[in-house]
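Remember, it's 1-based here, ligands and their atoms both numbered in the order they're listed. FYI, the numbering just counts along the sequence from 1.
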Amino acid sequence: MDLAERVGYLRRSLERHAYLYYVLDSPSISDTEYDLLFRELQELEELHPEFADPASPTKRIGSPPVAGFEQHRHLVGMLSLDNSFGREELETFDERVRRGLETEAAVEYYCELKFDGASLSLTYVDGVLTRATTRGDGTTGELVTDNAMTLRGVPFRTQAPLTGTYEVRGEVLMLKSVFDRLNQERAEKKLQLFANPRNAAAGGLRQLDSRLTAARSLSFFAYALGAFESPLARTQAELLAALKELGFATRTEPRVVLGIEAVWEFAEEIREKRSILPFGIDGVVIKVNDFARQQQLGNTSRGPRWAIAHKYPAEQAFTKLNRIFAQVGRTGAVTPVAELEPISVGGVTVSRATLHNYEDLRKKDVREGDTVIVQRAGDVIPEVVGPVLAERDPGAIVPDEPTVCPECDGALLRVSGEVALRCVNKACPAQIAAKLRHFVSRKAMDIEGLGEKLIDRFLEEGVLTDLASIYRLSEHADRLTELEKLGDKSIAKLIQNIEVSKTRPLDRFVFGLGIRHVGDRGAHELAVAFRTLATLRQCTYDSLIAVDDVGPRTALEVAEWFADDANQAMLDDLLSLGVDPVESDPPTSDLFEGKTLVFTGKLERFSREAAEAVVLQMGGKAAGSVSKNTTYVVAGPGAGSKLDKATQLGVPVLTEDEFLELIPEGSL
Ligand code: IVH
């Protein structure tokens with residue numbers, strides 16, 4: 001093979017492998033092998049400028065900067081879409097479509113994802129990418145060809161011949177995993193963080209230096225055609241299949257459905273899956289499938305009459321941050337919490353959001369009085385993403401980091417290697433209240449009726465002082481009735497609930513103790529390994545570390561907890577009051593034997609605990625983090641990094657329904 005042939009060969013195989021990887025999602029060589037081919041081509045091109053080719057795959061890493069972008073007129077305008085928000089508006093759309101088509105019959109719709117990124121038009125002349133233009137005002141956009149050449153899912157040459165001029169339209173996106181990685185790198189370099197993947201993608205597409213675009217590892221997904229020489233298809237479904245054949249990345253979720261009821265089902269199904277998609281979407285796009293019918297319906301000046309964007313509630317919103325206060329948790333961790341002007345995010349009104357820790361707060365430079373971005377995805381705790389610096393009031397106040405505990409004035413300690421500040425006063429009332437709340441919570445001793453307010457009130461009155469005092473409440477029944485004006489009946493009910501909790505399974509009891517690093521799963525492992533409280537009380541570091549899934553950090557915490565005389569005295573006290581945790585039930589089936597499942601995100605039919613209990617009951621393990629030993633990840637809305645990790649490690653991901661299908665009927 002001579003040099004020219006080798007260069008040609010390398011270019012063809014690199015394009016082919018990029019297609020296999022980004023479009024077909026089935027690479028046939030490793031990343032390293034790809035890198036080696038890529039580097040060889042780079043070196044040959046450097047040594048032999050005579051082989052230069054603007055469409056060489058090496059251009060995917062970007063080229064030197066340009067002074068500004070040229071404007072370019074789209075051959076066919078880029079329309080936008082009408083939005084719909086609820087089921088009714090979708091139905092109105094369907095009625096309008098059927099009126100326009102003069103039909104009573106159910107219409108065939110093509111349902112797609114509404115990618116949350118920036119739209120882009122790619123012009124191919126005789127199958128070669130010659131121009132890429134941003135949407136701009138819909139008529140004229142900016143030429144960003146060099147930048148587009150760095151996008152995954154954009155072929156430089158189409159995989160099949162394509163004679164004449166075609167405009168392929170689609171969306172430029174940043175994958176969530178890329179977004180997380182880049183933001184982590186930016187935080188380390190003290191650079192302003194990207195607010196969301198959409199901004200990172202839209203900004204990336206408009207870099208004057210395409211090497212910077214390349215560094216954002218953006219993706220492109222095709223969804224439409226602008227100008228064309230001859231039609232590629234008769235329907236939208238066929239068009240997407242044809243685009244895929246040509247080498248463009250498309251998605252597998254879209255489908256043809258009949259009638260608006262089925263459209264609604266698709267929209268709901270995707271809404272549930274939203275958080276487990278690898279990129280952001282802000283809804284679904286519904287298109288009349290048949291092109292002849294699309295033409296019959298035509299366009300308004302704004303957008304087509306044959307398509308609609310059905311939008312989901314935004315997962316981010318702007319609001320004013322009024323105050324930052326310090327909250328003390330069960331283990332004494334002091335964390336900053338933002339008090340917000342109430343705002344609807346992800347369909348829920350949010351008035352408080354976490355700022356994680358003081359280091360994070362400083363890094364993000366969030367101040368009282370700032371306008372901030374608030375985020376709530378799935379059922380995760382709302383968080384402040386960061387301030388909108390352009391709207392900062394000069395009077396915005398830099399919050400103080402507490403030097404003493406805000407609740408008890410006790411000393412604060414920063415444990416080395418940890419970011420959390422901790423109140424070290426074991427008698428800190430905020431900590432005791434949090435400990436009590438944890439002990440009685442649903443996953444622990446599950447004492448219904450002993451809520452946050454009652455706990456605070458009983459603490460104030462001194463009838464509650466520590467965990468054991470819960471089991472002395474019955475001694476003060478008369479006083480309790482007086483205190484809270486609770487009826488005799490509700491007091492009797494509360495006392496009965498407390499009584500019943502005395503024989504909860506050991507794992508719940510251990511979880512309720514609130515030992516650091518011991519979550520519900522860890523507590524279960526300990527309960528299974530030690531079987532009784534009496535043996536667990538004798539544990540040593542060595543006996544703990546021998547337990548499956550107990551690491552050195554947890555072993556140390558647990559050993560220290562049980563070595564503490566005050567804790568042992570409290571256990572004695574609890575036992576003397578009749579608390580007698582029972583051994584956890586043995587498994588009833590071996591369905592999940594040897595299998596480890598991780599649940600992440602929100603589940604619709606189960607609580608996470610109930611789902612985990614099912615796995616344990618059926619002989620399996622429920623773990624808190626994903627590793628190569630994980631058998632399945634069951635992901636629901638709100639899933640984030642665990643899902644990314646599963647994808648990275650190739651661990652199969654199931655939806656809640658798929659998980660349920662594993663379980664034989666009648667065995668739940
Ligand atoms: S079709 C004439 N399909 O939404 C129809 N657009 O609100 C043109 N978008 O500017 C668009 N996902 O940036 C279409 N599957 C999809 C889409 C999609 C996202 C964006 C696109 C467009 C905007 C309109």
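- Using a cutoff of 4.0 Å between basic side-chain nitrogens and carboxylate oxygens, D94 and R98 are scored as salt-bridged.
- A salt bridge links R181 to E185: at least one charged side-chain nitrogen sits closer than 4.0 Å to a carboxylate oxygen.
- Residue pairs satisfying the salt bridge (Lys or Arg N to Asp or Glu O under 4.0 Å) criterion with at least one member in residues 236-247, sequence neighbours excluded, are listed as follows: R234-E238.
- In F115, the parts holding a heavy atom less than 4.0 Å from any atom of ligand 1 are both the side chain and the backbone.
- Proximity of K114 to ligand 1, defined as any heavy-atom pair under 4.0 Å, is shared by backbone and side chain alike.
- For ligand 1, the polar-atom distance check finds no N/O of A118 at less than 3.5 Å from any of the ligand's N/O atoms.
- Contacts between A224 and ligand 1, counted as non-hydrogen atom pairs separated by less than 4.0 Å, are absent for every part of the residue.
- Short contacts between ligand 1 and E112, defined as distances under 4.0 Å to a heavy atom of the residue, involve ligand atoms 3 (N), 15 (N), 16 (C).
- Note on R169 versus E167: salt bridge recorded, some NZ/NE/NH1/NH2 to OD/OE distance being below 4.0 Å.
- For the residues R169, K287, Q294, the heavy atom positioned nearest atom 1 (S) of ligand 1 is part of K287.
- Proximity to P304 (heavy-atom distance under 4.0 Å) selects the following atoms of ligand 1: 2 (C).
- Between E171 and ligand 1, at least one N/O pair is under 3.5 Å apart.
- Summary of contacts: the protein heavy atom closest to atom 21 (C) of ligand 1 is Y223 OH, 3.0 Å.
- Shortest contact from atom 8 (C) of ligand 1 to any protein heavy atom: L79 O, 4.0 Å.
- Close N/O approach between L113 and ligand 1 is found [any backbone or side-chain N/O within under 3.5 Å].
- More than 12 non-hydrogen atoms from other residues, nucleotides or ligands lie less than 6.0 angstrom from CD of E268.
- Less than 4.0 angstrom separates some heavy atom of S119 from each of these atoms of ligand 1: 10 (O), 13 (O).
- Applying the ring-ring contact (aromatic ring centres under 6.0 Å, His included) criterion to F248, with sequence neighbours excluded, gives Y124.
- Annotation: F179 is not in aromatic contact with F279 [ring centroid separation under 6.0 Å not met].
- With a heavy-atom cut-off of 4.0 Å, L81 touches ligand 1 through backbone and side chain alike.
- Shown are T133, V144, L143; of these, the side chain to side chain contact (heavy atoms under 4.5 Å, CB included) with F69 is made only by V144.
- Looking only at side-chain heavy atoms (C-beta outward), Y109 and N289 stay at 4.5 Å or farther from each other.
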